[in-house]
J.: 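Before I ask anything, here is the structure I am working with.
Remember, it's 1-based here, ligands and their atoms both numbered in the order they're listed.
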Amino acid sequence: MAFVTRQFVRSVSSSSTASASAKKIIIKHVTVIGGGLMGAGIAQVAAATGHTVMLVDQTEDILAKSRKGIEESLRKVAKKKFAENPKAGDEFVEKTLNSISTSTDAASVVHSTDLVVEAIVENLKVKNELFKRLDKFASEHTIFASNTSSLHITDIANATTRQDRFAGLHFFNPVPMMKLVEVIKTPMTSQKTVESLIDFSKALGKHPVSCKDTPGFIVNRLLVPYLMEAIRLHERGDASKEDIDTAMKLGAGYPMGPFELLDYVGLDTTKFITDGRNWNSLSSVSCNYEL
Ligand SMILES: NC(=O)c1ccc[n+]([C@@H]2O[C@H](COP(=O)([O-])OP(=O)(O)OC[C@H]3O[C@@H](n4cnc5c(N)ncnc54)[C@H](O)[C@@H]3O)[C@@H](O)[C@H]2O)c1
């Protein structure tokens with residue numbers, strides 16, 4: 001009888017564990033690694049939408065700079081959002097800043113976080129080292145995501161033992177303004193992880209789209225060849241940079257011309273993106289883009 005009871009308890013508890021594990025994770029606590037341009041933006045938006053945020057970078061000086069940047073950006077948001085009520089604006093800024101803690105030691109702060117979003121330097125080896133280390137310290141349920149623009153998400157996920165809880169979460173610059181988030185699914189990413197990240201993106205007030213782990217995902221796959229073609233057009237002496245920018249704004253209705261956009265994204269970042277993936281590998285169309 002005791003054996004039957006134990007079996008019953010075991011089967012009830014294992015089926016409840018199975019149904020619990022099928023449930024999406026509601027992301028409340030976010031750890032953002034990298035407090036640069038993108039990481040600071042992600043931390044700001046997450047905190048402003050009611051999440052508890054831990055922001056990690058290499059030094060206290062960088063973190064102080066990130067925090068100052070976040071505060072300035074929040075003040076601009078508050079000025080618009082609470083134009084009629086500056087006191088409410090001040091409270092919004094203070095509450096948001098109070099939701100962000102900082103650390104220089106990622107491994108010591110990921111034990112109970114729901115999501116780690118990595119936005120560090122665009123280098124596979126460095127990203128792999130980081131995730132391999134964090135995999136040992138993070139809780140079992142924690143989802144890992146990379147904000148990489150150009151690296152293969154699968155190659156980053158393979159540094160961990162949680163490939164089913166690993167995805168790409170690609171934000172756009174400037175994060176507080178840009179509505180899009182690309183949620184990138186590798187062949188190993190579970191549906192539960194994708195759905196949890198889609199819900200999280202919506203909770204940030206963003207519009208998520210999903211895409212397979214293909215070079216450039218959606219936006220950069222279409223945008224980078226366009227930018228490179230603009231450079232070639234200019235290099236051939238066919239048109240000036242200014243005229244190309246004007247043509248695309250007035251003729252195609254784009255808010256910025258390709259050269260303005262290249263300056264905005266940064267030539268270094270664009271170079272990393274073009275170098276980071278073999279743009280020929282998954283495409284039937286030959287395109288060898290180089291800056
Ligand atoms: N800049 C863009 O427009 C853009 C857009 C989308 C995605 N991305 C991607 O986001 C990531 C970050 O880009 P960014 O423009 O914010 O770079 P950034 O140089 O502004 O910031 C990177 C930050 O990461 C920190 N860092 C580096 N190694 C670290 C480590 N091991 N641990 C903790 N912190 C570390 C650096 O100190 C720096 O503050 C890259 O993968 C990039 O491809 C960039």
J.: Cationic tip of R162 within the cone over F144's six-membered ring, i.e. under 6.0 Å and within 45° of the normal?
T.: yes
J.: Which pairs of donor and acceptor atoms, one on a side chain in residues 171-186, lie under 3.5 Å apart (sequence neighbours left out)?
T.:
from : atom 1 : to   : atom 2 : distance (Å)
K179 : NZ     : G205 : O      : 3.1
E182 : OE1    : H170 : ND1    : 2.9
E182 : OE2    : I218 : N      : 3.2
E182 : OE2    : V219 : N      : 2.8
K185 : NZ     : T189 : O      : 3.2
T186 : OG1    : M188 : N      : 3.0
T186 : OG1    : T189 : N      : 3.2
T186 : OG1    : T189 : OG1    : 3.0

J.: Taking only heavy atoms of the protein into account, state which residues are under 4.0 angstrom from an atom of ligand 1, in chain and number order.
T.: I33, G34, G36, L37, M38, D57, Q58, I62, A119, I120, V121, E122, K127, N147, T148, S149, H170, F171, N173
J.: For residues 54-64, which residue pairs pass the salt bridge (charged side-chain N to carboxylate O under 4.0 Å, His left out) check, not counting sequence neighbours?
T.: none
J.: Using the side-chain hydrogen bond (donor to acceptor under 3.5 Å, both in side chains) rule, collect all pairs that involve residues 86-98, keeping only residues at least two apart or in two chains.
T.: K87-E91
J.: Do H29 and T52 get their side chains close enough for a donor-acceptor pair, meaning under 3.5 Å?
T.: no
J.: Between M54 and L169, is there a shared hydrophobic cluster once you connect ILVMFWY residues whose side-chain heavy atoms come closer than 4.5 Å?
T.: no
